[in-house]
Amino acid sequence: MQAESIFTKSVEIIEKKSKFYGFLIENADEGKIKEGLSFLKKEYKKATHICWACSIENPFCERAVDDGEPSGTAGRPILSVIQKRGAKNVCIFIVRYFGGIKLGAGGLVRIYTKVAGELLKMVENGNN
């Protein structure tokens, strides 16, 4: 299986010149998460951040990673969207390219929440 094929949904959002690329893995497990992260690090070498969060049912595991963004402004908001939507066995990665304009803590929370929400909305609606 090619690493890029493990991502079932993707979205791109531009906010104040920063580019955010969201990727979702359904039926996530530790192996798929490691494979996905490794692929994104190779594919998006020049990205400023690769933030992510996951929720796995068995064995239960939830993680949130800010990858250099201010603490609590990226991974935690992504995980919060996963929890509020009741999504299980999913992992959401969001790749960010900084566009030169600082978004502030509130702006970062809003955009990471928005990207995660768009990905899960695609799952709920059956869209690619």
Side-chain angles (χ1 to χ4, degrees):
M1 177 190 329
Q2 288 190 351
E4 61 193 304
S5 67
I6 66 173
F7 301 112
T8 56
K9 308 287 183 236
S10 64
V11 67
E12 175 184 348
I13 295 177
I14 298 172
E15 179 74 23
K16 294 185 179 176
K17 298 184 182 180
S18 285
K19 293 182 181 178
F20 295 84
Y21 300 96
F23 300 91
L24 181 124
I25 299 175
E26 295 177 84
N27 303 310
D29 59 32
E30 289 289 327
K32 287 182 182 178
I33 293 168
K34 287 178 184 174
E35 185 180 355
L37 184 58
S38 176
F39 172 80
L40 292 174
K41 284 182 176 182
K42 289 177 189 167
E43 189 71 16
Y44 296 92
K45 288 179 187 170
K46 294 184 179 183
T48 313
H49 307 280
I50 300 177
C51 305
W52 60 278
C54 67
S55 179
I56 301 172
E57 260 186 321
N58 193 10
F60 180 77
C61 174
E62 289 186 330
R63 270 192 233 149
V65 177
D66 290 322
D67 188 39
E69 290 283 26
S71 182
T73 62
R76 187 71 199 145
I78 299 167
L79 182 58
S80 180
V81 172
I82 292 170
Q83 292 168 332
K84 286 178 182 172
R85 297 277 178 94
K88 301 290 182 202
N89 300 317
V90 297
C91 186
I92 293 175
F93 296 94
I94 301 175
V95 176
R96 178 185 183 197
Y97 284 93
F98 179 63
I101 299 172
K102 292 189 177 187
L103 303 178
L108 289 170
V109 169
R110 280 189 294 280
I111 192 66
Y112 281 106
T113 298
K114 180 179 181 178
V115 175
E118 289 295 319
L119 287 166
L120 290 177
K121 188 186 332 178
M122 292 169 78
V123 172
E124 293 162 1
N125 295 336
N127 298 337
N128 288 328

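Bear in mind that the values here come from a model prediction, so they are computed numbers and not experimental data.
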Under the side chain to side chain contact (heavy atoms under 4.5 Å, CB included) criterion, do Ile33 and Ile56 qualify, and how do the steps go? CA-CA 10 Å; Ile33 293 168; Ile56 301 172; 3.6 Å; yes
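Judged as a side chain to side chain contact (heavy atoms under 4.5 Å, CB included), and not counting sequence neighbours, the contacts of Val109 are Thr73, Pro77, Thr113. Considering only residues two or more places apart in sequence or on other chains, Arg76 meets the salt bridge (charged side-chain N to carboxylate O under 4.0 Å, His left out) condition with none of them. For Glu69, the salt bridge (charged side-chain N to carboxylate O under 4.0 Å, His left out) test picks out Arg96, with sequence neighbours left out.
Asp66 contributes a side-chain N or O that, together with a main-chain N or O of Ala74, makes up a donor-acceptor pair within less than 3.5 Å. Between the side chain of Lys32 and the main chain of Asn27, a donor-acceptor pair closer than 3.5 Å is present. Checking side-chain atoms of Ser55 against main-chain N and O of Val90 turns up no donor-acceptor pair under 3.5 Å.
Sparse packing is recorded around CZ of Arg110, with 12 or fewer heavy atoms of other residues, nucleotides or ligands lying under 6.0 Å away.
Proximity of Tyr112 to Val81: side-chain heavy atoms (C-beta onward) are nowhere separated by under 4.5 Å. The shortest distance between side-chain heavy atoms of Glu118 and Lys9 does not fall below 4.5 Å.
A pairwise comparison of heavy atoms in Val115 and Val11 identifies CG1-CG1, 3.8 Å as the closest pair. In terms of heavy-atom proximity, Ala53 sits nearest to Gly75 at CB-O, 3.6 Å.
Taken from CZ in Arg85 to OG in Ser80, the straight-line distance is 10.5 Å, to the nearest 0.5 Å. Annotation: the span from Leu108 atom CG to Glu15 atom CD amounts to 9.5 Å, rounded to 0.5 Å. One distance of note links CD1 of Ile94 with OG of Ser10; it measures 12.0 Å at 0.5 Å rounding. The OH atom of Tyr97 sits 12.0 Å away from atom NE2 of His49, with the distance rounded to the nearest 0.5 Å. Here CD1 of Ile78 is found 10.5 Å from SG of Cys54. Values are rounded to the nearest 0.5 Å.
For Phe23 and Tyr44, the ring centers are positioned less than 6.0 Å apart.
The ring pair (Phe, Tyr, Trp, His ring centres under 6.0 Å) test with Trp52 singles out one residue from Tyr21, Phe93, Phe7, and that residue is Phe93. Here the rule is side chain to side chain contact (heavy atoms under 4.5 Å, CB included) with Phe20, and of Ile14, Val95, Ile111 only Ile111 fits it.
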